[in-house]
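See structure below.
Computed from a prediction, not measured in an experiment: that's the story for all the values here. Proteins get letters first, then strands, A, B, ... in listed order; numbering begins at 1 in each.
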2 protein chains.
Amino acid sequence: MSTSHIPNTKSPSLPEHVIKALSIDNLIFGLDEDELKILLVRQTDPMHQGKWALPGGWIRYDENLRDAAYRLLEELTGIRDVYLEQLKTFGRVDRFPNERVVTVAYYALVSADNFSLVAGQTAEEVNWQSVNKLPELVYDHAEIIAHGLTVLRHQVCHQPIGFNLLPEKFTLLQLQALYEAILNIKLDKPNFRRKIMKMNLLSPCNEKQQGVPHRAANLYTFDAAAYEQLSQSGFSFEI
Amino acid sequence: MSTSHIPNTKSPSLPEHVIKALSIDNLIFGLDEDELKILLVRQTDPMHQGKWALPGGWIRYDENLRDAAYRLLEELTGIRDVYLEQLKTFGRVDRFPNERVVTVAYYALVSADNFSLVAGQTAEEVNWQSVNKLPELVYDHAEIIAHGLTVLRHQVCHQPIGFNLLPEKFTLLQLQALYEAILNIKLDKPNFRRKIMKMNLLSPCNEKQQGVPHRAANLYTFDAAAYEQLSQSGFSFEI
DNA sequence: TATCTTGTTGTCAAAAAGACAATAAGACTG
DNA sequence: CAGTCTTATTGTCTTTTTGACAACAAGATA
């Protein structure tokens with residue numbers, strides 16, 4: 001939660017078209033030169049006293065949860081076109097001051113340098129901060145981030161979220177290098193290629209990479225539709 | 001959601017001490033004689049027109065989410081002492097009639113015959129129903145159950161949670177029947193035996209089952225200590 | 001042309017998974 | 001007690017997957 005509105009019927013600052021007591025918070029993890037970072041905002045709201053927060057806010061009455069997450073993320077940080085997945089809902093009675101506010105957390109894993117940050121709305125500052133040295137955070141956001149990290153580190157092996165860290169079109173070696181970096185292991189190139197290709201999740205672009213001082217590799221895109229279809233018929237991604 | 005209260009400020013039937021627009025629903029999966037079932041309730045509320053629902057209801061202002069889930073489960077079904085894990089939050093704009101209601105779903109996997117069901121509060125009937133032939137359900141509860149099944153079936157393949165449903169000492173065929181029921185598939189007896197035994201997670205009791213009208217099978221126990229040790233050295237459970 | 005780098009395909013043996021036959025141990029029947 | 005029924009357990013064979021690594025291809029560069 002990161003708006004300055006208090007979900008209180010006595011507060012005139014709360015727009016009538018949002019759901020009181022229910023908010024969204026986004027955890028955007030970004031890999032930036034081998035360091036895992038998370039996107040944080042600082043509020044104009046003086047009640048936060050300079051603390052940092054996850055980019056989030058209120059859900060509108062006529063808005064699906066994920067739509068609200070996308071809207072808030074773009075409004076506050078300028079980031080769009082990332083795939084947000086629901087993480088967990090946090091609702092400890094005393095997590096928010098004075099009022100009872102439950103928040104639905106969404107998360108994404110992206111390549112930090114692919115996005116230009118534009119602080120908007122109630123956010124006066126936005127930037128990437130290393131998950132290893134986080135600043136002081138509002139409410140229970142530190143707890144939410146800790147949980148998000150646990151889930152992220154587990155999920156990266158069982159779901160193709162690593163693809164989000166690559167450009168739209170990528171080579172098989174880029175994909176392999178990514179998993180080698182995340183999992184901190186060495187993989188066999190031919191065998192990795194075979195394993196990935198047999199999943200039928202990559203579509204060849206029929207293009208080659210440009211400007212490399214050696215034979216250019218074929219470019220592929222991740223076929224999200226194929227993944228949806230396969231995972232619904234029992235397929236499970238494993239690296 | 002399964003109470004008769006409509007979260008509408010115009011409705012005098014909504015107690016003031018609950019959070020409007022936010023509810024809990026519990027998915028209690030139970031294994032009953034090798035069949036996977038789910039606990040459903042039927043409401044006294046005539047607006048449901050005899051449809052079945054997940055046991056759930058409103059969250060109180062001064063109540064943590066999981067506490068609300070435990071309270072509602074006991075109030076409506078008499079079940080207590082199960083471990084509830086948060087599944088997901090469902091908030092589609094039109095999932096609930098007339099009003100916007102977001103629901104937080106919790107789930108558990110239990111042995112169905114360990115519990116006696118007592119319909120209470122707004123529930124006029126409670127029972128276990130096979131997940132393979134569900135009755136007509138209120139709101140988006142069919143969707144919630146479908147998601148819960150997906151998560152359950154994924155979890156059960158990657159973590160040895162299924163062992164909790166068996167008695168302390170069990171036969172390999174009991175274990176196999178359990179996985180066949182949850183995954184809704186048929187497994188080959190010799191191959192299943194080999195796969196399980198190679199994990200070194202079962203300790204033979206050097207006892208045989210009693211009172212069966214055929215050759216008695218050997219009994220085994222799940223070696224939790226061995227599992228801890230193996231999983232810390234990189235082993236990952238897979239069925 | 002030679003050679004360097006990376007891409008891509010091929011090969012082969014070991015391991016695992018899957019299908020199914022065969023045998024074993026009891027209990028029950030006539 | 002022989003025969004038969006049911007499930008337990010072991011064995012065997014084939015197919016698939018994995019892992020290690022050789023071989024060749026395509027450009028770029030010297």
Test for a donor-acceptor pair under 3.5 Å between the base of dA25(C) and the side chain of Arg215(B), counting only N and O atoms. no

By ring pair (Phe, Tyr, Trp, His ring centres under 6.0 Å), which residues pair with His158(B), not counting sequence neighbours? His158(A), His154(B)

Side chain to side chain, Leu152(B) and Leu36(B), heavy atoms closer than 4.5 Å: yes

Per nearest nucleotide of DNA chain C, the residue lying toward the 5' end, Pro213(A) or Leu172(A), is Pro213(A)

Whether Phe90(A) and His147(A) hold their rings parallel, tilted or perpendicular, with breakpoints at 30° and 60°: perpendicular

Tell me which of Val212(A) and Thr171(B) sits closer to the 5' end of DNA chain D, going by the nucleotide each one is nearest to. Thr171(B)

So does Lys189(A) get a side-chain nitrogen or oxygen closer than 4.0 Å to the phosphate oxygens (OP1/OP2) of dT6(C)? no

Which whole-number value in Å describes the distance from Gln174(B) CD to dT7(D) C1'? 13 Å

Proximity to the side chain of Ala217(B) - top-ranked nucleotide from dG11(D), dA8(D), dA16(C): dA8(D)

Hey, is the side chain of Asn191(B) pairing donor to acceptor with the base of dA19(C) inside 3.5 Å? yes

Nearest-Å distance, NE2 (His214(B)) to C1' (dT9(D))? 13 Å

Taking atom C1' of dT9(C) as reference, at what distance in whole Å does atom CZ of Arg194(A) sit? 9 Å

Using atom CG of Leu173(A) as one end and atom P of dA25(D) as the other, report the distance to the nearest whole Å. 21 Å

Does a side-chain N or O from Asn218(B) land closer than 4.0 Å to OP1 or OP2 of dA8(D), or not? no

Can you check the Lys195(B) NZ to dT17(D) P distance for me, whole Å? 13 Å

Between dA25(D) atom P and Lys208(A) atom NZ, what is the distance in whole Å? 14 Å

Point-to-point distance, once rounded to the nearest 0.5 Å, from CZ of Arg215(A) to CD of Gln209(A): 10.5 Å

Quick test of your reading of the model: are Glu143(A) and Arg92(A) salt-bridged, counting only N-O distances below 4.0 Å? yes

Between Ile196(A) (CD1) and dG7(C) (C1'), how many Å, whole number? 16 Å

Given atom CG of Asp188(B) and atom C1' of dA16(C), what is their separation to the nearest angstrom? 14 Å

